Each structure stands twice: as C-alpha cells, then as structure tokens.
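Being a predicted model, the structure only gives us computed values, none of them experimental. Values reported hereafter were calculated over all heavy atoms of this structure, with side chains retained and with hydrogens, waters and symmetry mates removed.
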Amino acid sequence: MITASGHERSRFDLLQSTNVLSGEELERETRATLGDTLAREPGIAASGFTAGASRPVIRGQDGPRVRVLQNGVSTGDVSVVSADHAVSAEPLLVERIEVLRGAGTLRYGSSAIGGVVNVIDGSIPSELPEGGYDGVLSGSYDLNADERSAAGLLRGELGGGFVLSADGFFRRAGNTDIPGSSWTAAERAASGPAFGSDVRGDIPNSGQRTWNARLGGSRVWDAGFAGFSYTRNESRYGVPVSEEGEPIDIDLVQNRYDAAGAWGAELGPFARASLRFTRSDYEHTELEGEEPGTLFENDENELRAELTQKEWNALDGVVGFQWRSREFAAIGAEALVPPGDSQQYALFAVEEWHGEPVGVEAGLRVERTLADASGLPSRSFTTWSASLGASVTPTDSTLLGVTVSRTERPPTPEELYSNGPHFASGSFEVGDASLDPETAYGVEVTA
C-alpha cells in the first residue's frame, strides 16, 4: 500500500508511477544516505559527491526539482543548495519510503518536477502499539569503510490512549576503500597529492560519524490522534577535494520539532481532517582542517492542512493548504548567498474518479512565493501546476493509462541571489535575480 497520493491505495490502483520500500526490503536496501538507499530502485539514481551526502535523482532531475520530505513536510536542511550538503532524513530507522510521480505530487509543491520522496518514520504515533508496546533493535557492519551502525526504537502505551516513543541511532565509518590511487595521473603530475605522498587504497577524508535521538508522544482515540516529537541530529563527514589545501569537513547540527494530528469524524462532505506542523533549526559549518569556514544556517517552518473527501459517485480526493517560511544565511569568507528569507503559500486539490473500467485522476496547485535577500531586489511569483490522467482496467490484473502534466516552479533564493565561491564543491555559484519561473511539460504512459 502507498499513502503519498492522499489515500491508502495499492500500487496497482495508482495511475502514477510509484516506488515503495518497507519491511524486509527496506532493511536489505538501507544505506548510510537516502540517495544510496534508493539508488537500486527503477528510475532512481543517487548523487555521489561524498559518502556522507547523497540525494535521490529521479528521471535525471535533482536538487530543487526533487522534493524530499519527512512525514509529508520539509526535511529542513540545505541539501538542495549544493551536492556536498547532506539530507537530514536518516534512512536507518524509518518505517517506509515512498517515491511518487504524477498527479499526487501536486500535494507537496511545484518543486516536485522529478518526483516526491517521502520518508515516513512514525516519530508521532498515530495508533496504539499491538500488545501495549513494541520495539526494534538493529546493527550492521560494513567491511569496506569499517562502518559500524546501531539503532533502536521503543514505543509503549502509558494508559488512557497515551503513547510514548523513543528512538536513536549512531553510525561511524572510516575512509572508503578503493583499488589503486585516488588521484588521476594528470592530477599527480600537475600538483602532487594534497594529503602527503600518493594516496592509494582509499579516498582521503571520506569518513563520517552521525548520531540521532528522538522523543515523541501522542494521544490516540478511535477517531484520530494528536501528538508531538523532538529530534536532535548531529553529523560530521568529510568532503574529498582534489587540490592542494586543508581537507574539508562538514559539521552539522539540527533540532527539529514536529506536531501532527488527524480527526476522522464526519465533517460534512469530508471524512478526515489532518494537520501537521514542523519547525527546523539547522546549521552546518564547513571546516578547513579544524578552522571554521563558511557557516550555513537554515530556520524553516512548514504547515500543512488537508481535508480528505468522502467517496461520492466513485469520486474522492484531497484538498488542502500549505504554508512554508525559510530564513537562510551563509556566513563567512566564502558566503555564496546573501542572508534572506522566503515565504510560500499554496492551495491544492487532487481528485480521483474510479469508474468501471475507466478511471480519471486530476490535480491542481496554485502557489504564491515571495523571496527576499539583503541588499538585493525582492521577487514574487504566482505559479500554477496541473495534471490530468486516464486509465482503463480491461481485466482485474491489467491497467493501462496515460497522464499529461504541466508544472511551474519558481526559482529558489539560491538560483536568484548566489554570487560567490563554494570551496567544498569546487565551484563558483552565480545566480540571476531576473529569472522567471521554470515550466515543465510531461507525458507518462503506464502499463
């Protein structure tokens, strides 16, 4: 079953393309990063800038064109800014990972041109544990980088419908082993190795250490739940560089606060109402040796409110509102983006008609985005995205369909205002404050 479309459906009943990892399959595929965990799924690859940072690449789309979510809302990190920045959603202790393309992506934002990756971790319990409590303990060892990891979760009912959940993990890994030299012949001839004599057998400065702790609780009743969670995430990982100079490390700290609730009582034409809010305080420092370099700060809030419609004449769907605010700053000699903030407001609807044997799916999203940076002109955008699909099920085990879509994406503050060096990625970032929204058209055939 998959939930990212707004309703709990089997994958066969969905017109849009999906990938789902859960249970034993997720346990087998889990790696140190979200990108590497999904890299063996059809249609998905992984960026590979460093062992500690890897994002999913869907149909050749990356960065701001793939929306990575944690429980349906933003991860609150800065992984879209540069390939060396890690996704803060940790795959080691999640319940399921859903990848969605098509009409259902309009629930989550215009940034989902490539698709949506939703990491569901159950940090806020939405039901009582069977038997009053449950838990899991896992560990792994990787010979290549001497990687050791362990994770544990415990969830228990306190009485009166109250549930408490606590979990955590740690991971430590050394440099990645490789056959031969980590330098090309041209690099060795031009400047010599940056870390001493010719480096063979591993990739210098590719190790990592990470830990995460989370506490959540909720009140569960027959018609719904309401709860909260707090997460502390700390990570330090190396960024290999191929030029003379000090090695670059990224030292990351994130505090995340989540609140969520759902009410399944009768609400006129609606069967369910849900609300989720997240606050993320994120920062990471790019260390040159042990000396602090550029500091990246990202304070982000996101609110989602949704109403799920009752089925009427084979028609059902989801309507909702989303608000997101972001304050971002890069501070230091290599600050590539001036401090600034952005606001985004959106209304969306995703509707599905389940006829026999024909079905129709449609989605519409309207967004208002405001972007501002210190000393530079403010920009505002009103964008709309839509999708329409039709399917036919000639037999119980066959589905044929086609979907057409138009997605309009406003430029990110980094695309508008960047103007500076980024040593960790070996690049000089240049934005354009006059950029217009990006428009993508798509046609997808499903069998």
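Under the 3.5 Å distance criterion, with hydrogens and angles disregarded, no donor-acceptor pair is assigned to the side chains of T403 and E361. Under 3.5 Å, the side chains of N301 and S325 contain a donor-acceptor pair of N or O atoms. Between the side chains of Y282 and N255, no donor N or O sits under 3.5 Å from an acceptor N or O. Side chain to side chain, E408 and S385 fail the donor-acceptor criterion of an N or O pair below 3.5 Å. A side-chain donor-acceptor contact under 3.5 Å links S235 and T210.
Counting heavy atoms from C-beta outward, L154 and L164 have side chains that stay 4.5 Å or more apart. Contact annotation: the side chain of E27 never approaches that of S138 to less than 4.5 Å [non-hydrogen atoms, C-beta and beyond]. Side chains of R232 and V253 form a contact here, defined as non-hydrogen atoms less than 4.5 Å apart. Side chains of S74 and R67 form a contact here, defined as non-hydrogen atoms less than 4.5 Å apart. Using a 4.5 Å cut-off on side-chain heavy atoms (C-beta onward), F328 and D299 make no contact. Put simply, the side chain of L376 reaches to within 4.5 Å of the side chain of P338, judged on heavy atoms. The shortest distance between side-chain heavy atoms of V163 and P129 falls below 4.5 Å. Side chains of R368 and S380 form a contact here, defined as non-hydrogen atoms less than 4.5 Å apart.
Taking every heavy atom of both residues into account, L69 and T75 meet most closely at C-CG2, 3.9 Å. Closest approach of A89 to L34, counting heavy atoms only: O-CB, 4.5 Å. Among all heavy-atom pairs drawn from D62 and P56, the shortest one is OD1-O, 3.5 Å. Nearest heavy atom pair, residue A273 against residue L307, reads CB-CD2, 3.6 Å. Contact between A386 and L364 at its shortest, heavy atoms only, is CB-CD1, 4.1 Å. The two residues A371 and Y417 make their nearest non-hydrogen contact at O-OH, 3.5 Å.
A donor-acceptor pair under 3.5 Å is absent between the side-chain atoms of Y237 and the main chain of T50, judged by distance alone. With hydrogens and angles ignored, the 3.5 Å screen pairs no side-chain donor or acceptor of R276 with any backbone N or O of G72. Between the side chain of S218 and the backbone N or O of P125 there is at least one donor-acceptor pair closer than 3.5 Å. Between the side chain of S47 and the main chain of R55, a donor-acceptor pair closer than 3.5 Å is present. The backbone N or O of P357 lies less than 3.5 Å from a partner atom in the side chain of T393, making a donor-acceptor pair. Of the possible polar contacts, one joining the R365 side chain to the L106 backbone as a donor-acceptor pair under 3.5 Å is found. Panel note: side chain N313, backbone L315; no donor-acceptor pair is recorded below 3.5 Å. Side-chain N or O atoms of R272 include none that pairs as donor or acceptor with a backbone N or O of F270 at under 3.5 Å. Of the possible donor and acceptor atoms, one in the side chain of K310 sits under 3.5 Å from a partner among the backbone N and O of G268. In terms of modelled atom types and a separation under 3.5 Å, the side chain of E429 and the main chain of S418 share no donor-acceptor contact.
Put simply, the residue from I58, T18, V116 that forms a side chain to side chain contact (heavy atoms under 4.5 Å, CB included) with V99 is I58. Of the candidates E95, E130, E127, R155 forms a salt bridge (Lys or Arg N to Asp or Glu O under 4.0 Å) with just one, namely E95.
Residues forming a ring-ring contact (aromatic ring centres under 6.0 Å, His included) with Y230 (at least two apart in sequence, or on another chain): Y257. A search for ring-ring contact (aromatic ring centres under 6.0 Å, His included) contacts involving F169 returns nothing, not counting sequence neighbours. A search for ring-ring contact (aromatic ring centres under 6.0 Å, His included) contacts involving F321 returns nothing, not counting sequence neighbours.
Open room surrounds CZ on R172; 12 or fewer heavy atoms of other groups in view lie less than 6.0 Å from it.
Note: N118 CG to Q70 CD = 9.0 Å, rounded to the nearest 0.5 Å. The CG atom of N71 lies 7.0 Å from the CD1 atom of I124; values are rounded to the nearest 0.5 Å. Distance CG/D316 to CD/E351: 7.5 Å, rounded to 0.5 Å. In this structure, L38 CG and N19 CG are separated by 8.0 Å, a value rounded to the nearest 0.5 Å. Here the straight-line distance linking atom OG of S165 with atom CG of D134 works out to 8.5 Å at 0.5 Å rounding. The CZ atom of R324 sits 9.5 Å away from atom CD of E367, with the distance rounded to the nearest 0.5 Å.
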side-chain contact (heavy atoms from CB on, under 4.5 Å) between R40 and R28: does it pass, once the steps are laid out? CA-CA 11 Å; R40 284 156 293 281; R28 288 194 302 269; over 6 Å; no

Could you check T412 against R409 for side-chain contact (heavy atoms from CB on, under 4.5 Å), going step by step and ending with a plain yes or no? CA-CA 9 Å; T412 66; R409 183 185 71 86; 3.8 Å; yes

Apply the test side chain to side chain donor-acceptor pair (under 3.5 Å) to residues N298 and D77: give CA-CA distance (whole Å), side-chain angles for both, the deciding distance (0.1 Å), then the verdict. CA-CA 7 Å; N298 190 66; D77 54 48; over 6 Å; no

The test is side-chain contact (heavy atoms from CB on, under 4.5 Å); show your working for T30 and L92 and say whether it passes. CA-CA 6 Å; T30 297; L92 191 60; 4.1 Å; yes

Derivation and outcome, side chain to side chain donor-acceptor pair (under 3.5 Å), residues T37 and R31: CA-CA 5 Å; T37 297; R31 302 295 189 273; over 6 Å; no

side-chain contact (heavy atoms from CB on, under 4.5 Å) between E98 and L100: does it pass, once the steps are laid out? CA-CA 6 Å; E98 299 180 347; L100 182 68; 6.0 Å; no

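Salt bridge annotation for E90-R214: absent, with no cationic side-chain nitrogen under 4.0 angstrom from a carboxylate oxygen. Under the 4.0 Å criterion applied to side-chain N and carboxylate O atoms, R379 and E415 are not assigned as salt-bridge partners.
Under the 30°/60° scheme for interplanar angles, the aromatic rings of F277 and W323 are found to lie parallel.
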